[in-house]
S.K.: 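Please read through the structure below; I'll follow up with questions.
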Amino acid sequence: MAQHRIHAGTDIACVGIWDAGLPSAKHPIEGKALEASAVRGEVLVIDTSADGGYILQVHVDEPFVPLPGKRFDTIGNELGLHLGSGTAMAGGCEDFRNPRPRITSAEDRFHVEPSWYRVRVHFNRMEDDPEEEQRAHEEAARALTSEELARYLRLGKALRGGWLIALLSVAALMTSAFLQAGPTLGALGAGMAVAAGWGLLRLKRGDYDALHLRYQRALKAAYPPDIVLELHRAPGPLPGGTVALDGPPAP
């Protein structure tokens, strides 16, 4: 039993999940060829009807239970998917067996038990909530202690101020050189540059980066998924196929 969360993008209005161990094809697989692969259970195809990014949440051998107040509809029928290598890939279907992947990476892979799987697709039907971003930031802030959050905000403000001073310093030096304004403006620019450098050295950038990484991970996790894939091991082979997010909910 496991959960995986993947930020998937697509430029062909199609995301999915497939066996990452399948050999690369000579050319990208699209259209009828992609549909045929889906029917054979090599890839589960989800027609999103629009390009863009989607948060995919994959539940392996465990049920999906939506959070209170969230509406997810099950789309289409259960479909078969063969993950014989034990390594799955989720993301834009333009990278399915693509010899030159463009939109997926190693972060979009996860391990499963080699098997056939029955897959149910659930789609988040909630309209865009203007308060969702605020709630996500509030949730992300809880990933840091009160002292860490205060330091994170303080370091971020100092970093932005330091870079502003650095930019102004560079502008002053360039203006001095361009206008040949003499040593006064040059000295001012040099002094500002020294001040900016000193400020950045005191910033403890490594501490800020560590806090920023934790905050961003918590922020991503706080947003509800757009699509949930529920995978359960089953004897195969099983018929596969395609689902469309704009289609009717499953009966």
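As the structure is a computational prediction, the values presented were derived from the model and not from experiment. When a residue number appears, it is its place in the shown sequence, counting from 1.
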S.K.: Is there a donor-acceptor contact under 3.5 Å from the side chain of D19 to the main chain of G84?
M.R.: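 Looks like yes, one N/O pair under 3.5 Å.
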S.K.: Quick check against the 3.5 Å criterion: does D61 have a side-chain atom that pairs as donor or acceptor with the backbone of R233?
M.R.: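 Such a contact is found between D61 side chain and R233 backbone.
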S.K.: To check you understand the geometry: which heavy-atom pair defines the closest contact between G86 and P114, and what is its length?
M.R.: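 In this case the closest contact between G86 and P114 is CA-CG, 3.9 Å.
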S.K.: Could you tell me whether the side chains of D51 and T10 share a donor-acceptor contact shorter than 3.5 Å?
M.R.: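 No - no donor-acceptor pair under 3.5 Å links their side chains.
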S.K.: Determine whether E62 and Q3 satisfy the following criterion, side chain to side chain contact (heavy atoms under 4.5 Å, CB included), listing intermediate values before the conclusion.
M.R.: CA-CA 8 Å; E62 69 174 36; Q3 289 187 28; 2.8 Å; yes
S.K.: I'd like to know if the side chain of D226 and the backbone of I55 have a donor-acceptor N/O pair within less than 3.5 Å.
M.R.: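 Checked: pair present.
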S.K.: Determine whether a donor-acceptor pair (N or O, by modelled atom type, separation under 3.5 Å) exists between the side chain of R109 and the backbone of T87.
M.R.: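 Here the side-chain-to-backbone pair does not exist.
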S.K.: Mind telling me whether W18 and F96 have parallel, tilted or perpendicular rings, with 30° and 60° as the class edges?
M.R.: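 Perpendicular.
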S.K.: Are L231 and I6 co-members of a hydrophobic cluster defined by side-chain heavy atoms under 4.5 Å apart?
M.R.: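 Same cluster.
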S.K.: Side-chain contact test, heavy atoms from C-beta onward, threshold under 4.5 Å: evaluate it for Y117 versus V60 and give yes or no.
M.R.: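 The answer is yes, as the side chains (C-beta and beyond) meet within the 4.5 Å cut-off.
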S.K.: To the nearest 0.5 Å, what is the distance between CZ (R100) and OG (S24)?
M.R.: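 Answer rounded to 0.5 Å: 10.0 Å.
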S.K.: Please determine whether residues L83 and V121 belong to a single hydrophobic cluster, defined as Ile, Leu, Val, Met, Phe, Trp and Tyr linked transitively by side-chain heavy-atom distances below 4.5 Å.
M.R.: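 Yes: a chain of side-chain contacts under 4.5 Å links L83 to V121.
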S.K.: Rounded to the nearest 0.5 Å, what separates atom OG in S37 from atom NZ in K32?
M.R.: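 S37 OG to K32 NZ: 13.5 Å, rounded to 0.5 Å.
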S.K.: Identify the two heavy atoms, one from C14 and one from V45, that lie closest to each other, and give their separation to 0.1 Å.
M.R.: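 Looking at all heavy atoms of both residues, the closest pair is SG-CG1, 3.2 Å.
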S.K.: When rounded to the nearest 0.5 angstrom, what is the spacing between CG in L79 and CD1 in I17?
M.R.: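 The CG atom of L79 sits 12.0 Å away from the CD1 atom of I17.
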S.K.: I'd like to know if L44 and W116 are part of one continuous hydrophobic network [Ile/Leu/Val/Met/Phe/Trp/Tyr, side-chain heavy atoms within less than 4.5 Å].
M.R.: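 They do not share one cluster, since no chain of ILVMFWY contacts under 4.5 Å joins W116 to L44.
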S.K.: Write down the atom of A8, the atom of G91, and the distance for their closest heavy-atom approach.
M.R.: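 The pair with the smallest heavy-atom distance is CB-CA, 3.7 Å.
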S.K.: With a 4.5 Å limit on heavy-atom distance, are the side chains of P23 and R97 in contact?
M.R.: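 P23 vs R97: side chains touch.
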S.K.: Can you tell me how far CD1 of I75 sits from CG of D47, rounded to the nearest 0.5 angstrom?
M.R.: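 With rounding to 0.5 Å, CG (D47) is 11.5 Å from CD1 (I75).
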S.K.: Under a 3.5 Å distance rule, please check whether N98 uses its side chain to pair with a backbone N or O of E94 as donor and acceptor.
M.R.: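 Flag set: sc N98 to bb E94 pair under 3.5 Å.
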S.K.: Would you name the heavy atoms of L56 and A90 that are closest together and state the gap between them?
M.R.: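 Nearest pair, atom of L56 first, then A90: CD1-CB, 4.1 Å.
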S.K.: Could you check R120 against H232 for side chain to side chain contact (heavy atoms under 4.5 Å, CB included), going step by step and ending with a plain yes or no?
M.R.: CA-CA 9 Å; R120 286 192 291 267; H232 296 274; 3.6 Å; yes
S.K.: Minimum heavy-atom separation for P99 to P28, with atom names?
M.R.: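 Nearest heavy atoms, P99 then P28: CD-N, 4.4 Å.
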S.K.: May I ask you to check whether F72 and H122 place their ring centres under 6.0 Å from each other?
M.R.: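 That pair fails the under 6.0 Å test.
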S.K.: For T104, is there any backbone N or O sitting under 3.5 Å from a side-chain donor or acceptor partner on D95?
M.R.: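 Checking the backbone N and O of T104 against the side chain of D95, a donor-acceptor pair under 3.5 Å is found.
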S.K.: For the CD1 atom of I46 and the OG1 atom of T48, what is their distance to the nearest 0.5 Å?
M.R.: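 Here the rounded value is 9.0 Å.
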S.K.: Does the N124 side chain pair with the main chain of P225, one donor and one acceptor, at a distance under 3.5 Å?
M.R.: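 Judged by distance alone, yes, a pair lies under 3.5 Å.
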S.K.: With a 3.5 Å cut-off and no angle check, do the side chains of E42 and H82 form a donor-acceptor pair?
M.R.: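 Result is no, nothing qualifies.
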S.K.: Test of understanding: clusters of I, L, V, M, F, W, Y form through side-chain heavy atoms closer than 4.5 Å, transitively. Do L238 and L81 belong to the same one?
M.R.: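 Not linked; separate clusters.
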S.K.: Is there a path of hydrophobic side-chain contacts, each under 4.5 Å between heavy atoms, that joins F110 and V228?
M.R.: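 No, because F110 and V228 fall into different hydrophobic clusters, even though each may have its own neighbours under 4.5 Å.
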S.K.: Please evaluate residues C93 and L34 with respect to the criterion side chain to side chain contact (heavy atoms under 4.5 Å, CB included), reporting the C-alpha separation (whole Å), side-chain torsions for both, the decisive distance (0.1 Å), and the verdict.
M.R.: CA-CA 8 Å; C93 284; L34 181 62; 4.1 Å; yes
S.K.: Distance check, rounded to the nearest 0.5 Å: R40 atom CZ versus E35 atom CD?
M.R.: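 Taking CZ in R40 and CD in E35, the distance rounds to 11.5 Å.
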